[in-house]
Amino acid sequence: MQQEFDFSEKKPEVPKEEIPKEEIKEEEEFTMDGNYLEGLNGVQRLAVETVKGPVMIIAGPGSGKTRVLTYRIAHLIRLGMNPYNILALTFTNKAAKEMKDRIRKIVGTLSANSIWMGTFHSIFARILRIEANELGYPSNFTIYDTDDAKTLIKNIVSEQNLNPDLYKANLVYNRISNAKSNLLTPQAYLKHQGIRNADAAAKRPQIGKLYHLYSERCQRAGAMDFDDLLFKMHELLNLAPEILQKYQNKFQYLMIDEFQDTNHAQYSIARKLVANHRNVCVVGDDAQSIYAFRGATIDNILNFEKDYPELTTLKLEQNYRSTKRIVDLANGIIQKNSHQIAKEIWTQNSEGGKIQLVHAVSDSEEAKIIADNIVVERLRYHYNNDEFAILYRTNAQSRVFEEALRRKGIPYRVYGGLSFYQRKEIKDLMAYLRLTVNHKDEEAMRRVINYPVRGIGKTSLKKIAAWANEEERTMWDIMCRIPQYKLATRTQNAIVKFVKMIKLFAQMLKQKDAYDLAKYIAKTCGLQNHLHNDKSVEGLTRYENLQELFNSIKEFTDNKRELAPNNVEVDMEVDASLGVYLQEVSLLTDADDNKDDSGKVKLMTVHAAKGLEFPCVYIVGLEEELFPSAMASKRSNDIEEERRLFYVAVTRAEKKLMLSHANCRYRFGKLQYCEPSRFIEEISKEELEEIGNKPRASFRPQRDSHDAFKDSISSNISSAKRQQEKQQQLRNRSNIPNIANFKASDNRKLKEGFRILHQRFGAGTVLKLEGIGDKRMAIIKFDTLGEKKMVLRFAKLMFKEDGT
DNA sequence: CCCAGCCTGGTTTTT
DNA sequence: CCAGGCTGGG
C-alpha cells in the first residue's frame with residue numbers, strides 16, 4: 001500500500017546532497033524501496049504506511065510499538081517530509097533517546113537530530129524558552145523542581161499565617177498541580193463553584209488564594225514548575241493566532257507515544273497543534289495506563305474517536321516478547337478490570353517455563369531466594385547479569401535486595417530513587433548556577449545566600465522577604481539596594497558582597513561555557529573549599545559528587561560542540577551555555593544518565609520499567625497494602641490502576657517470570673505481618689510452580705512485636721534468620737564491634753572501631769570520621785567483585801562497651 | 001546568628 | 001526508618 005504524500009509549505013532545508021557520505025552508506029542497508037518494511041507484520045506495516053490524517057494505534061505490550069513508531073518516522077522522512085517539521089512526543093527521556101538512536105540508524109544522524117523529539121516537558125521547555133517574552137517570562141527562566149515548589153508553598157502558607165497542618169505543602173502542591181493539568185487558571189479556580197465547595201468542605205478554603213499567590217511568586221521569580229511547562233505552553237498557543245499558526249505550520253506531523261498517559265493539558269495542546277492538518281498519530285495501550293495519579297486520563301483515548309471521526313484505528317495484538325505462559329497470565333490479570341478497550345494479546349512464541357511463585361517468610365528471605373535464583377539461572381541457562389530485573393512497587397524496597405545481591409557478589413544497579421541531582425551538595429551548586437543565570441530565582445537564593453556561612457541568617461532573610469512582598473519586587477531587587485533599608489551594618493556588608501559576587505558570575509555567562517563557569521563559580525563562592533575542608537567520610541563523598549557534576553557538565557558542553565557544526569537550527573540544541581545546561585538537567589531523571597549498566601542486575605520500580613523488557617523478571621513484594629498500595633485499596637478505580645501496574649510488570653518478562661511475597665517485612669521501621677496480594681489470589685494456580693512455605697496464619701506476630709515474630713517462626717526457622725545469625729557469629733569472631741547509637745563525643749572509640757572494620761574488610765579504605773552526630777553516616781569503601789567501589793552505609797553508629 | 005542534637009510525624013508511583 | 005522542625009547553648 002503506497003500513500004500519496006504532499007504537504008504544502010514544506011521546505012526541504014536538508015537536501016539529500018548535504019548528507020555526509022558515511023551517513024548515506026549507513027542508509028543503504030535500508031533502500032528507498034522500503035526494505036525496512038519487510039520485517040513487519042500486516043498491521044504493523046499498515047501502521048507505518050498510513051501517514052495521513054489521524055491514526056490511533058492500540059499497541060499491546062511487546063507488540064513492536066517502538067519499532068512501528070521509528071519506522072513510521074523514517075518512512076515519513078523517506079516520503080520527503082522534512083524531519084524538522086516532525087514532532088514526536090514521549091514521556092521519558094529514555095524513550096525519546098532510544099527512538100532517536102533507532103531512527104538514526106535508518107535515516108542518518110543529520111536527519112534524526114533535526115526531528116523534534118523529546119518529552120512533552122523538554123520540548124515545551126525548549127519552545128517556551130524561545131517565546132518566553134510573550135508570556136512575560138525571561139527566556140532564561142528557571143524550572144522549579146518539586147522540592148522548590150513545595151518550599152515556596154510552605155513559605156507562602158507561613159507568610160499568610162495559615163495553619164501549616166491544614167495546608168500541607170504536599171496537599172496544596174497536588175491541588176495546584178491538578179488545577180494546572182486541567183488548565184484551570186487561578187482565577188478560574190477561584191470562580192469554580194464546585195472546587196470552592198470541595199475546598200470549603202475540606203476546611204481548606206484558602207487553596208485558591210494560595211494557588212494565586214504561588215503563580216504570582218513563580219512569575220516574579222522567573223520560574224516555572226513542571227506543570228507550568230504544559231500549562232504555559234497552552235497559554236502561549238492561546239495568546240495570539242500568529243503564534244499558534246507558527247507552530248501549526250512548523251509541526252506538520254505529530255506523534256505521541258504512551259498516549260494513555262497524557263493528561264488534559266497535554267491533549268489540548270496536541271489538539272491545537274494539529275487542528276489544521278490533523279496529521280496526528282497516537283500510540284498507546286489503555287491497559288498500561290499507570291499515571292492517573294498525575295492527571296493522566298484514559299478519556300483521551302476514548303474521546304479521540306469523537307474528536308477525529310475520520311480516525312484510523314489499528315490494533316497491534318501479536319506479542320513478540322514473551323512466552324505463551326506469560327502472555328496468558330497477563331491476559332488473565334487484565335480481564336479482571338472492567339473498563340478497557342477490547343483486545344486479546346496473543347503470541348506465537350513457545351510455551352516457556354512455568355511461572356514461579358515464591359512464598360517467603362520475611363523480606364530478607366525473599367531477597368535471598370531471588371539472589372540465589374539469579375545465580376542458579378545464570379549457571380543453568382547462561383544468562384548474563386544484565387538480563388535480570390527485579391521490579392518492585394516502591395523505591396524503598398530496593399534496600400533488602402541490594403544487601404542480598406551484595407552478599408552473593410552479584411553486581412547490580414538501582415534505577416530511580418534519589419536522583420543524583422537531588423543530593424544536597426549538587427542542589428547547592430546548582431542553586432548558585434541557577435541564581436547566576438536568573439537572579440530572580442528565589443528558591444535558589446534562599447538556598448545559598450548563607451551557605452557557606454556568611455552571616456546572613458534567618459532573621460535578616462525574613463526581613464528582606466517582607467520588604468520584597470510589600471513592594472511586590474523580588475528579594476534580589478531588595479538586596480541590590482540593601483543600603484536603603486534598615487539592617488545591621490555587618491549583615492548589610494555581607495549582602496552587598498554576595499550580590500557583587502553573583503553579578504560577577506553573571507558577567508561571565510557570555511564568555512565562558514557551562515563547564516568553565518561552573519568550575520569558576522564553585523571555587524569562588526566557597527562551596528568547593530567548604531566541601532574540601534570537610535574531611536569526614538561524607539564530606540569526601542560530597543566532594544566527589546561535586547566532581548561528578550563537573551564531569552557531567554563537561555560531557556554536556558562537549559556534546560553541544562559536536563552537534564554545533566551540523567545543526568540547522570541555532571538554538572538550545574547547540575548552545576553550550578550554563579542556561580541551557582540548567583534547562584536540560586532539570587528535566588532529567590536518574591534513569592536517564594547513561595551510566596554503564598552492562599553486566600548488572602537491574603532494580604527498579606514497575607513505573608520505571610514501563611517501556612522496557614528483560615529476559616528474566618522478578619516481581620517482588622506482592623502483598624496487600626504494598627502492591628496494591630495501601631492508598632489504592634480504598635477506591636476501586638485505584639485498584640484497577642494497580643492491576644494495570646501489575647500487568648505492566650508481568651509483560652516486561654520475555655522468558656522467565658517469578659513472583660514473590662513475604663509474610664513479614666519491615667515497614668516504617670517496624671516488623672509487620674503481610675497478607676499476600678489479591679493479585680496472587682487472582683492467578684489461576686494450575687500453571688504455577690509454587691516455591692517456599694505457604695503463608696500460615698500462625699505466622700502473624702501479635703502486637704507487631706519482634707519477640708512474637710521470633711516465637712511464631714521459631715519452629716520453622718527461616719534460612720534468612722540463620723543467615724543473620726551466621727553473620728552475627730562472623731562478626732563476633734572477628735571482633736567487629738556492633739553498630740548502634742553513638743554520640744559525636746565517642747570519636748576515639750569510633751576511630752578504633754573503624755580501624756577494626758578496616759582490618760576485617762581489608763580491601764579498601766576506611767575513611768576518617770569527624771564531627772559525626774545525629775543522622776550523619778559513615779561510609780566505607782572497598783574494592784570487591786570487580787566493581788570499582790562499594791559503599792556501605794551505617795546510620796547512627798556506636799560501639800557498645802561489651803561488644804555485643 | 002549558628003549549630004548540634006533531640007523530637008516528631010510521614011511514608012506510592014514521576015516529568 | 002528518615003527528613004525536617006525546634007530548642008537551647010555557644
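Chain naming here is simple, since letters A, B, ... match the order of the sequence lines and numbering starts at 1 in each. The analysis underlying the following values was restricted to heavy atoms, covering all of them including side chains, and did not include hydrogens, waters or symmetry mates.
- Distance from the side chain of A/T605 is smallest to B/dT14 among B/dT12, C/dG5, B/dT14.
- When heavy atoms are screened at a 4.0 angstrom cut-off, A/F120 is found touching no nucleic acid atom at all.
- Between the CD1 atom of A/I639 and the P atom of B/dT13 there is a distance of 17 Å, given to the nearest Å.
- For A/H121, counting side-chain heavy atoms from C-beta on, the closest listed nucleotide (B/dT15, B/dG10, B/dT14) is B/dT15.
- Judged purely by atom type and a 3.5 angstrom limit, A/Q266 has no side-chain atom pairing as donor or acceptor with the backbone of A/L230.
- For A/N450, whose side chain is taken as the heavy atoms from C-beta onward, the closest listed nucleotide among B/dC2, B/dT15, C/dC2 is B/dC2.
- Taking the six-membered ring for Trp and thresholds of 30 and 60 degrees, A/F646 and A/F679 have nearly parallel ring planes, at less than 30 degrees apart.
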Any chance you could lay out the ring-ring contact (aromatic ring centres under 6.0 Å, His included) test for A/H661 and A/F627, step after step, and finish with the verdict?
-> CA-CA 10 Å; A/H661 72 93; A/F627 193 0; over 10 Å; no

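- If you check every strand for non-hydrogen atoms under 4.0 Å, A/K424 touches nothing.
- Atom CE of A/M604 and atom P of B/dT12 are 21 Å apart (whole Å).
- With B/dT14, C/dG5, B/dT13 as the choices, the nucleotide that has an atom nearest any side-chain atom of A/T394 turns out to be B/dT13.
- With rounding to whole Å, A/N263 atom CG is found 14 Å from B/dT15 atom P.
- A/F293 does not qualify as a stacking partner of the B/dT12 base, lacking a centre-to-centre distance under 5.5 Å together with planes within 30°.
- Ring orientation note: the planes of A/H121 and A/F226 are nearly perpendicular, at an angle over 60° on the 30°/60° scale.
- Residue-to-nucleotide proximity on DNA chain B shows that, of A/T146 and A/S460, the 5′-proximal contact is made by A/S460.
- Between A/E625 atom CD and B/dT13 atom P the separation is 16 Å, expressed in whole Å.
- Note on A/L230: nothing from the nucleic acid sits closer than 4.0 angstrom, heavy atoms only.
- Taking a cutoff of 4.0 Å between a charged side-chain nitrogen and a carboxylate oxygen, A/R644 and A/E641 qualify as a salt bridge.
- Contact between the side-chain N/O atoms of A/N395 and the OP1/OP2 oxygens of B/dT11 is not found at any separation under 4.0 Å.
- Straight-line distance from the CG atom of A/L229 to the P atom of B/dT14: 18 Å, rounded to whole Å.
- The existence of a salt bridge linking A/K65 and A/E258 is confirmed by a sub-4.0 Å separation between a basic side-chain nitrogen and an acidic carboxylate oxygen.
- Spacing between atom CG of A/L391 and atom C1' of B/dT13 amounts to 13 Å, rounded to whole angstrom units.
- Listed nucleotides B/dT11, C/dC1, B/dT13 differ in distance to A/N170; the shortest reach to its side chain belongs to B/dT11.
- Rounded to an integer number of Å, the gap from A/N174 CG to B/dT15 C1' is 14 Å.
- When rounded to the nearest whole Å, the span between OH of A/Y173 and P of B/dT14 equals 14 Å.
- Residue A/D227 is classed as having no contact, given no heavy-atom separation below 4.0 Å to the nucleic acid.
- Closest contact between the side chain of A/R294 and the listed nucleotides B/dT15, B/dT13, B/dT11 involves B/dT15.
- When the nucleotides B/dG10, B/dT12, C/dC1 are ranked by their closest atom to the side chain of A/K168, B/dG10 comes out on top.
- Residues A/F226 and A/V453 both approach DNA chain B. Their nearest nucleotides, taken by heavy-atom distance, put A/V453 toward the 5′ side.
- Judged by atom type and distance alone, A/R393 reaches the base of B/dT13 through a side-chain donor-acceptor pair under 3.5 Å.
- Listed nucleotides B/dT15, C/dG4, C/dC2 differ in distance to A/T92; the shortest reach to its side chain belongs to B/dT15.
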